[in-house]
Amino acid sequence: MPDPTPMHDLTQCVRHPAVSHDGFASLAVPTYRASTIVFDTAADYAQRQQRGPDGYTYGLHGTPTTRTLEAQLTALHRGERTVLLPSGQSAIAITLLTALLPGEHVLIPDTAYPPVRGFCVNYLEPRGIAHTVYDPMLGAGIAALIRPETKLVWLESPGSTTMEVQDIPAIAAAAHAAGALVGCDNTWATPLLFKPLDHGVDFVMEALTKYVGGHSDLLLGSVTVRDITLHRRLKDTMRMLGIGIGPDEAALALRGIETMGVRLAHVGRVALDFASRAASFGAVERVLHPALPSCPGHEFWKRDFAGASGVFSLVLKPETTPRLDGALSAMTRFGIGASWGGTRSLLVPMPVRTDRVAVPWTETGLILRVSIGLEDTNELWDDLSTLLRALEAR
């Protein structure tokens, strides 16, 4: 029953009046901000743990805004549940911490996002969790590297910067036959172009910072699973470490995801066109784009993926290196910066030779990673072709 006693002004300042929602239907998802969640009775509060990981108990563990984003990502991946984390790297770290205990072992592809290896070396290894870096093109041959203590095989396909496409179904089958779980970084493709859960993967990680956010103003990550037990384990790890996300980040992702389909279609077309044209320039040693037959694993991309996104790489000839800084600084449409997937086109030189240990990287020239945005296509090509011609200059 409502309290009939009139409230003092100071009380009314902190007690918001109830208003009718009848007739109100917004296309936008409301942004529910909350740290404290109140309960109707003392008994409800005492029994709050019975609500489980899908219930509302405290703002850190979810609000209707974050749950909407979780549900949308789950549906796109054809999964069972999704958890949200503050960044792509934190999503990777939580997955590894959930899947691995001291004395166990993880396999990491040589082409993985470099901080993954850094996490294994600098955090997991001192705590008794071993790792081995493997050739991403092993396919079913990865079975030879799986030990009794191997509990997770990590994938990133296409590979970070060098774009190798892995035979994910073959690797997943080999891992499962040996009792190991499989995790995959699917940020390049998003669930619109590839659905790893359909190909045997257990954990699908995405840096929502990239194509889901879509505007270079968001840091967010996700992990989607098909096994409800794995979801509970992820939630337990997050709860023990006090990790959650705010509703404002979820609201930005919900807004970005609405246009992700049209953005991906556009940047995918432009990137493939630019990659094909760039191959004719004398400054370019090789073009690394999964949709091109020359890219390692192209046959797996063709078999498993629905399309290509807007990120590819150019391997430059070694003699271009002294001219690269000046040529990059002269660009007027492409920006120079890390990350990708936003509306602005970006270029960044990437040295990978010292990072590779399983398969030596033999190219001596730098790699130029290209991320296509939404600027005028002709202006972008003029900028990129001017750069490539400047690198050819003698």
Partner residues of His199 under the side-chain contact (heavy atoms from CB on, under 4.5 Å) criterion, sequence neighbours left out: Ile168, Pro169, Phe194, Asp304
Linking directly or through intermediates, with side-chain heavy atoms under 4.5 Å: list the remaining ILVMFWY members grouped with Leu27, chain and number order. none
I'd like a table of donor-acceptor pairs (distance under 3.5 Å, sequence neighbours excluded) in which one partner is a side-chain atom from residues 123-131, with atom names and distances.
from	atom 1	to	atom 2	distance (Å)
Arg127	NH1	Tyr123	O	3.0

Identify every side-chain donor-acceptor pair in residues 28-38 under 3.5 Å, counting partners at least two apart or on other chains, and give the distances.
from	atom 1	to	atom 2	distance (Å)
Arg33	NE	Asp248	OD1	3.1
Arg33	NE	Asp248	OD2	3.1
Arg33	NH2	Asp248	OD1	2.7

Taking the hydrophobic residues Ile, Leu, Val, Met, Phe, Trp and Tyr, and joining any pair whose side-chain heavy atoms are under 4.5 Å apart, which ones share a cluster with Val14? none
Among residues at least two apart in sequence or on other chains, which ones pass side chain to side chain donor-acceptor pair (under 3.5 Å) with Thr41? Asp44
Only counting residues at least two apart or in another chain, list the ones meeting ring pair (Phe, Tyr, Trp, His ring centres under 6.0 Å) with Trp340. Tyr211
Residues passing the side chain to side chain donor-acceptor pair (under 3.5 Å) test with Tyr134, sequence neighbours excluded, are Gln166
So, using side chain to side chain donor-acceptor pair (under 3.5 Å) as the criterion, who are the partners of Glu206 when residues are at least two apart? His77, Asn186
Distance-only check: which donor-acceptor pairs under 3.5 Å involve side-chain atoms of residues 173-183, not counting sequence neighbours?
from	atom 1	to	atom 2	distance (Å)
His176	ND1	Ala172	O	3.4
His176	NE2	Gly200	O	3.4
His176	NE2	Asp202	OD2	2.8

Please identify each residue that fulfils side chain to side chain donor-acceptor pair (under 3.5 Å) with Arg255, with sequence neighbours left out. none
Do any side-chain atoms of residues 111-119 form donor-acceptor pairs under 3.5 angstrom with protein atoms, and if so which ones, sequence neighbours left out?
from	atom 1	to	atom 2	distance (Å)
Arg117	NH1	Asp355	O	2.2
Arg117	NH2	Asp110	O	3.0
Arg117	NH2	Asp110	OD1	2.8
Arg117	NH2	Asp355	O	3.4

